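In what follows, every chain begins at residue 1, and chains take the letters A, B, ... in the order their sequences are listed. Any value given below was found using the heavy atoms of this structure, including those in side chains, with hydrogens, waters and symmetry copies removed. Not measured: the values here are computed from a predicted model.
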Number of protein chains: 2
Amino acid sequence: MIRAEAADMPDDSPLKTPDRLRRRASRLLSQLSTRSDRLINEGLARADARKWHYAVLASLQECGPASQAELSRRTGIYRSDMVGVLNELAERDLVERAPDPDDRRRNVITISTQGRRHLRRLDKVLDDLNDELLAPLSPAERDQFVQLLTRLLDHHARTS
Amino acid sequence: MIRAEAADMPDDSPLKTPDRLRRRASRLLSQLSTRSDRLINEGLARADARKWHYAVLASLQECGPASQAELSRRTGIYRSDMVGVLNELAERDLVERAPDPDDRRRNVITISTQGRRHLRRLDKVLDDLNDELLAPLSPAERDQFVQLLTRLLDHHARTS
DNA sequence: CCGTTGCGTTAGTCCAACTAACGATATACG
DNA sequence: CGTATATCGTTAGTTGGACTAACGCAACGG
């Protein structure tokens, strides 16, 4: 399997990336993540959105209205960046930002009907993009990949 | 499996990250990569290095001396960034930069004895860090994880 | 000889992740 | 009560990685 590439690429050059580098999980992870990010960002840009938009809308849809700070915790977006994301979403009326009468420090963010519609579109877009990302894997392998990622992430999220 | 976390975490709050978000491979990938990067960067910083240093030194060790442009191709570092990396490495005498007599456009980069020693240290450091990264996985699972990553990356590298 | 290509280098863009600090409000404690 | 402490939304700024543009120079191909 190692020399699968030797089939279509003459190995007469010492140009190839050294094996030591290619096998490090950390490196594979970061490289694949870069490509994945690019794929996702480009796909979402075509749909006039960013990935943070999706994260916020999905969170609102699934868990209901919330303050900005709570949204930050749910989605992992820093609350300093949340401001801008919500500005963009509110500008397009995908989301409503209203002061919380119970706690005047808070804003209550609610997803709008348009927001729900937009979210449905984005869900479709992301399904397709993730399909493209995982294209070389069989369904079983995809599940396993997701499961491995989840376990690793959970571990490092709890140990943070 | 979905509510594995409910075991040690009372689910009376709507704060949890929505499932839809948690299952997207692209998202898992990017989040895990962020944490992995942080782990690696901090670990290497403690050893007074950066990940690009390792990539360059390893490439030199495994494939021999090369021009800067070729190093770029081997490692994936942009040649505009390679300059700075080589400056740092040359400053510490881990690497030697000499004009190529055969092609006066080129610099030939050679790893020094100190460079080799430094590389050995970094290899150890990275072994440990990757162990930490993959801690929750069994050896078989680690192999599989690496294999899945490799296949995905190869696919998207060729389709680039 | 001239156009193209590859080289090293400089500068600068873009974006994500992250920190610091602010004013305003809410909560806890003495 | 009052005062400390914490939380909220917000602004500004830093850092680092990925990436582009353009330069002068050298090599190669006609």
Side-chain angles (χ1 to χ4, degrees), chain A residues 13 15 26-27 29-42 44-45 49-56 65-90 95 97-109 156-157 160, chain B residues 15 26-27 29-42 44-45 49-56 66-90 95 97-109 156-157 160:
Chain A
S13 71
L15 300 161
S26 53
R27 185 162 228 279
L29 208 46
S30 111
Q31 295 210 148
L32 185 58
S33 169
T34 297
R35 293 187 187 266
S36 163
D37 273 1
R38 190 158 50 207
L39 197 74
I40 300 292
N41 285 333
E42 284 171 1
L44 285 180
R50 313 231 201 109
K51 57 179 171 169
W52 294 133
H53 294 184
Y54 176 75
V56 169
S67 72
Q68 301 189 185
E70 193 185 326
L71 279 176
S72 291
R73 281 173 232 123
R74 283 186 196 167
T75 57
I77 309 176
Y78 276 64
R79 68 186 205 283
S80 20
D81 301 326
M82 182 61 72
V83 185
V85 175
L86 290 179
N87 285 342
E88 292 175 8
L89 290 175
V95 127
R97 198 201 242 130
D100 185 337
D102 295 350
D103 184 341
R104 301 217 308 274
R105 292 172 303 178
R106 289 184 168 91
N107 287 334
V108 184
I109 313 298
H156 289 288
S160 72
Chain B
L15 300 162
S26 53
R27 197 184 159 79
L29 207 46
S30 114
Q31 296 210 149
L32 185 59
S33 169
T34 298
R35 292 186 187 269
S36 163
D37 273 1
R38 189 158 49 209
L39 196 74
I40 299 292
N41 285 333
E42 285 172 0
L44 285 180
R50 313 231 201 109
K51 56 179 170 169
W52 295 133
H53 295 183
Y54 176 76
V56 169
S67 71
Q68 302 188 183
E70 193 185 326
L71 280 175
S72 291
R73 282 173 232 122
R74 283 186 195 167
T75 57
I77 309 175
Y78 276 63
R79 69 187 204 283
S80 18
D81 301 325
M82 183 60 74
V83 185
V85 175
L86 289 180
N87 285 341
E88 292 176 7
L89 290 175
V95 127
R97 199 200 242 131
D100 185 338
D102 297 349
D103 184 342
R104 300 216 309 272
R105 294 172 302 180
R106 289 185 168 91
N107 288 334
V108 184
I109 313 298
H156 290 286
S160 71

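The side chain of B/Arg97 contributes an N or O atom lying less than 4.0 Å from OP1 or OP2 of C/dT9. Residue B/Arg38 has no polar side-chain atom (N or O) positioned under 4.0 Å from OP1 or OP2 of D/dT15. Proximity of B/Gln68 to the phosphate of C/dT9: a side-chain N or O atom is located under 4.0 Å from OP1 or OP2. In this model, the phosphate group of D/dC8 is approached by a side-chain N or O of A/Arg73 to a distance below 4.0 Å at OP1 or OP2.
If you check C/dA26, D/dA27, D/dG9 against the side chain of B/Asp103, the one that comes closest is D/dA27. Nearest to the side chain of B/Asn107, among C/dA26, C/dT9, D/dA27, sits C/dT9.
Contact annotation for B/Arg50: no contact, since no heavy-atom pair falls under 4.0 Å across all strands.
Atom-to-atom, CD of A/Glu42 to P of D/dA18 comes out at 16 Å; the value is rounded to the nearest Å. Taking atom CZ of B/Arg27 as the reference point, atom C1' of C/dA17 lies 14 Å away to the nearest angstrom. Computed from coordinates, the B/Leu39 CG to C/dA17 C1' distance equals 16 Å when rounded to whole Å.
Closest heavy-atom contact between B/Thr75 and A/Gln31: O-OE1, 4.2 Å.
If you check distances only, the side chain of A/Arg105 does reach the base of D/dT7 with a donor-acceptor pair under 3.5 Å.
Within residues 78-86 of chain A, the residues that have a heavy atom under 4.0 Å from DNA chain C are, in order of number, A/Tyr78, A/Arg79, A/Ser80, A/Asp81.
If B/Thr34 and A/Pro101 are placed on DNA chain C by their nearest nucleotide, the residue sitting closer to the 5' end is B/Thr34.
Applying the salt bridge (Lys or Arg N to Asp or Glu O under 4.0 Å) criterion to A/Arg104, with sequence neighbours excluded, gives no partner residue. In terms of the side-chain hydrogen bond (donor to acceptor under 3.5 Å, both in side chains) criterion, residue partners of A/Asp103 (sequence neighbours excluded) are, by chain and number, A/Arg105, A/Arg106.
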